Structure formats: C-alpha cells, structure tokens
Amino acid sequence: MARFIYALGIRNVGESTAKELARHFGSLDRLMEADLEALMQVADIGPVVAESIVQFMVESHKPRGRR
C-alpha cells in the first residue's frame, strides 16, 4: 500500500511519509476519509503535508481519455 500511496504523486508525500500513512491507516479507504486532525496524528506529518493530502483527496482524478 505504501508504494501505491507514493505513486499517487501527492505533493509533499515522499516514500517515508507514504510508509507512515500506510502503517497508520492500514487501508486506502481510511486514508481517504482522514481529515487534517487525523492526518497530523501520523508521525512526521504536519499541517503542510496534511493539507496536501486533503486537497489531493478532494480533487477529481478522472482518467484522461480520448474525446
């Protein structure tokens, strides 16, 4: 799961942060539901990184296809 989180390309989330997120939340669903306060409970995550994650989760990430 850590590799998947890292591969999402969330701003300010590197490999070690992705590992901590995976360890702390245990599932992508739980991570996606996390708010700023919950994210800042994770080791080494402060307000800037937490905000990057929240913003990423609320953005639309539709696949780009042909028109």
Side-chain angles (χ1 to χ4, degrees):
M1 186 168 117
R3 287 182 184 177
F4 180 77
I5 294 169
Y6 177 69
L8 290 173
I10 302 170
R11 179 176 290 165
N12 300 312
V13 175
E15 290 183 58
S16 62
T17 302
K19 287 177 186 176
E20 282 299 316
L21 289 166
R23 184 192 62 73
H24 185 87
F25 290 103
S27 75
L28 190 57
D29 287 335
R30 288 187 61 211
L31 173 59
M32 290 173 65
E33 294 169 358
D35 60 9
L36 283 173
E37 189 174 311
L39 289 164
M40 288 194 295
Q41 298 300 314
V42 180
D44 298 326
I45 292 187
V48 172
V49 176
E51 183 64 34
S52 293
I53 295 166
V54 168
Q55 288 302 312
F56 181 88
M57 295 302 175
V58 299
E59 290 175 7
S60 176
H61 297 282
K62 296 177 185 172
R64 296 180 186 177
R66 292 186 203 168
R67 293 180 178 215

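This structure is a prediction, so every number in the text was calculated from the model and none was measured.
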What pairs of residues pass the salt bridge (Lys or Arg N to Asp or Glu O under 4.0 Å) test when at least one of them lies in residues 15-25, not counting sequence neighbours? E20-R23
Kindly state each residue pair satisfying salt bridge (Lys or Arg N to Asp or Glu O under 4.0 Å) with at least one member in residues 28-53, sequence neighbours excluded. none
For the atom pair CG (L39) and CG (L31), what is the distance rounded to the nearest 0.5 Å? 6.5 Å
If Ile, Leu, Val, Met, Phe, Trp and Tyr residues are connected whenever their side-chain heavy atoms lie under 4.5 Å apart, and connections chain through other members, are V54 and M32 in the same group? yes
Please tabulate, for side-chain N and O atoms in residues 1-13, each donor-acceptor pair with protein atoms closer than 3.5 Å (sequence neighbours left out).
from : atom 1 : to  : atom 2 : distance (Å)
N12  : ND2    : S52 : OG     : 2.8

Taking L28 as the starting point, is it possible to reach L21 by hopping between hydrophobic residues whose side chains are less than 4.5 Å apart? yes
Working note: V42 + T17, criterion side-chain contact (heavy atoms from CB on, under 4.5 Å); need CA distance, chi angles, decisive distance, verdict. CA-CA 9 Å; V42 180; T17 302; over 6 Å; no
Would you name the heavy atoms of Q41 and H24 that are closest together and state the gap between them? O-CE1, 4.1 Å
